[in-house]
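I have placed the structure first, in the form of structure tokens, so that the comments after it can refer back to it.
Here is how names work: the chains are called A, B, and so on, in the same order as the sequence lines, proteins then strands, and each is numbered from 1. Just so you know, these numbers come straight off a predicted model, no measurement behind them.
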Amino acid sequence: MPNKIVYCKSQKCGTDQIDLFRLKSDFCKVNIELIEVEDFCINHKFLSKVKDDIVFAGCSADIIKNWIIHKNMKIEFADIRELCFWKFQDREIIYKEVILEIKLALNRLKFKKKVVEFPLKSLNEQLDSYIKRISEIGANPFKF
Amino acid sequence: MTTGVILCRCNKMMENVAWGDVAEFLKKKKDVADILILEMACSPQGQKSIINFIEDNKINQLVIAACSPLVKGGLFQSLVNQTGIPNQLLEIVNIREQCSWALQDPDSVLKNVKIKLNMALRKLSKTIDMGHWTINKAYINILKCDKCKRCIEECPNNAMQLGSDGYPIIDGNKCVKCGVCVGGCPMGVISLPNFRLEEINGMIEEASKSKIEPLIIGFFCPHAYEELDAVCAKGCPGLANLNIIYVPCSGSVNMKLVNDALSTGIDGIIIAGCEHSQCQIRKGNEYAKKRIANQQETLEEMFLEKERLIYMSFDENYTPSAEINTNTCSVCRNCETVCPFKAISYSQEQNKMVIDSQGCRCCGTCAVSCPSGSIKLPEYSDKEILSTIDLLLEEGYYAQ
């Protein structure tokens, strides 16, 4: 399965402060396509159409993982925002760190398994059935 | 006390929140000195703005309404600590996962945001330094303690000893602030530096003012809270009725809180924790289940339905479990001994070691203890770690 890098270019996050043409051509040399997406967090829906294995380069996985992940997806996260753009000032150092973070994520991707099923059912089902049960019982008499 | 509120828009990831209405709502509050709306509170610019906001307005207690505390909570805590505000006077309100993402409908989102902010403000208003904030352990109000010794019996870490005066003494080196003693104390006189029953009571009182029916309160342990966050990202309509209170462990919920919640008119109470032996605090979930069973009997004696209080665990298999290669496993049962969650057992029928996927927390203790190397973790395998080291060396990252 070919790999793709989805690069989040965001002015607010500062991830646009990089020579993207150079970054693209650097990865093109090793046959990896880099797709840039402006403010990925609000434009992530196209991901459902991408069939390739993906490295997402942008913010930390904690922030966005649950929001974008879906079934049959193989994705790894390169936290370039916190670890590169917010950490360093020098553009050349940032560039090197971004390359390294993406390479590390590509390496992790090799060992990653597909998300077979995203767990959603149990919690929602349990909550719904409990709310239904409490509705059947009626309001707490102490309320009155 | 001067209270400030910071609202984070999370880079437009919460477009269904009516920020203007939320700000208007907060401006009407007498106890709120000032409000700051930020595009991204965690960014370097956002962090500077938070510090300036605190210093300029002489804020000494702060509410940050943003993403889940499990995401950027640590950052906000360290940031606020820099300005001299202790962790106890910072309240992080999870409006991203639990309101904006879970509910989606703007009206429900706004209602829920308001309830959550009210709960946070009320909690802060009840927060008092009893001189124990700097002591990193549970503490007892001995003026009210009746020396029943239950805390000594129940402490999962044996951190409590009987003092010569008959009162319990807490060993700070052993206490992990799990709150099992807080949950078990019949007098409700034990507290943690950031978990006092009076504060939680304040939150419950505030939640009970909501007109949503049925109105449910959920006490969620960190593990259940993490699972809830994951589910909320894909929508969780049930949260319109449910107000979540984060607790250190399901075993830390004192039944006094349950009684108070029911007496203020809460229709149902969920205590959400781990299943099986998953409890990292050890035994917290077992104690919670026992206490709930006892309390349910009491509720029935009071002619209240026992379903008004339940224990919930989600078993989402959110954390992947370790895997055993049965071809190379010699069934030495070493893994069974070392597993801290008792998730590995020997199956006589199958003549092999079996991992309970719900009990396994993928800590890796079994993998490193296996003499034949038959246990693998789904992520972070030896191969992966070694290839990462190789890559770093190729890139010139080595000790100089």
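The main-chain N or O of B/S100 is found under 3.5 Å from a side-chain atom of B/N16 such that the two form a donor-acceptor pair. Listed for the B/N243 side chain is no donor-acceptor partner under 3.5 Å among the backbone atoms of B/I115. Side chain of A/N43 to backbone of A/E38: a donor-acceptor contact under 3.5 angstrom is found.
Looking at residues two or more places apart in sequence or on another chain, you find a side-chain contact (heavy atoms from CB on, under 4.5 Å) between A/E76 and A/V55, A/A105, A/R108, A/L109, A/K112. Listed by chain and residue number, nothing satisfies the ring-ring contact (aromatic ring centres under 6.0 Å, His included) test with B/W19 (two or more places apart in sequence, or in another chain). Scored by the salt bridge (charged side-chain N to carboxylate O under 4.0 Å, His left out) test, B/K383 finds no partners at all (sequence neighbours excluded).
At a threshold of 4.0 Å, the pair B/K12-B/E15 does not count as salt-bridged, since none of the basic side-chain nitrogens sits closer than that to a carboxylate oxygen. In summary, B/K72 and A/E82 engage in a salt bridge, as defined by a charged side-chain N under 4.0 Å from a carboxylate O.
For A/C59, no part lies under 4.5 angstrom from a heavy atom of chain B. Heavy atoms of B/L391 lying under 4.5 Å from chain A belong exclusively to its side chain. Heavy atoms closer than 4.5 Å to chain B are found in both the backbone and the side chain of A/I63. Only the side chain of B/E39 has a heavy atom closer than 4.5 Å to any heavy atom of chain A. In this structure, no portion of B/M14 lies under 4.5 Å from any heavy atom of chain A. Interface remark: B/C236 contributes backbone and side-chain atoms alike to the contact with chain A (heavy atom separation under 4.5 Å). The parts of B/C42 that come within reach of chain A are both its backbone and its side chain, each placing non-hydrogen atoms under 4.5 angstrom from that chain. Only the side chain of B/N241 comes within contact range of chain A, judged by heavy atoms closer than 4.5 Å. Both the backbone and the side chain of B/L228 come within less than 4.5 Å of a heavy atom in chain A. Looking at A/L104, the atoms closer than 4.5 Å to chain B (heavy atoms on both sides) sit in the backbone and in the side chain alike.
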*Step by step, work out the side-chain contact (heavy atoms from CB on, under 4.5 Å) result for A/N140 and B/L304.*
CA-CA 8 Å; A/N140 177 356; B/L304 278 172; 4.1 Å; yes
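For a heavy-atom cut-off of 4.5 Å, chain A lies close to B/E213 in residues 204-213 of chain B.
Across A/I134, A/I99, A/D62, A/I64, the residue that shares the most heavy-atom pairs under 4.5 angstrom with chain B is A/I134. Put simply, of B/S68, B/G218, B/A233, the one with the most heavy-atom pairs under 4.5 Å next to chain A is B/A233.
At a cut-off of 3.5 Å, with distance as the only test, no side-chain donor of B/Y246 or B/N94 sits close to an acceptor on the other residue.
Heavy-atom minimum distance, B/C99 versus B/V109: O-CG2, 3.5 Å.
Between B/W101 and A/W67, the ring-plane angle classifies as parallel under the 30° and 60° cut-offs.
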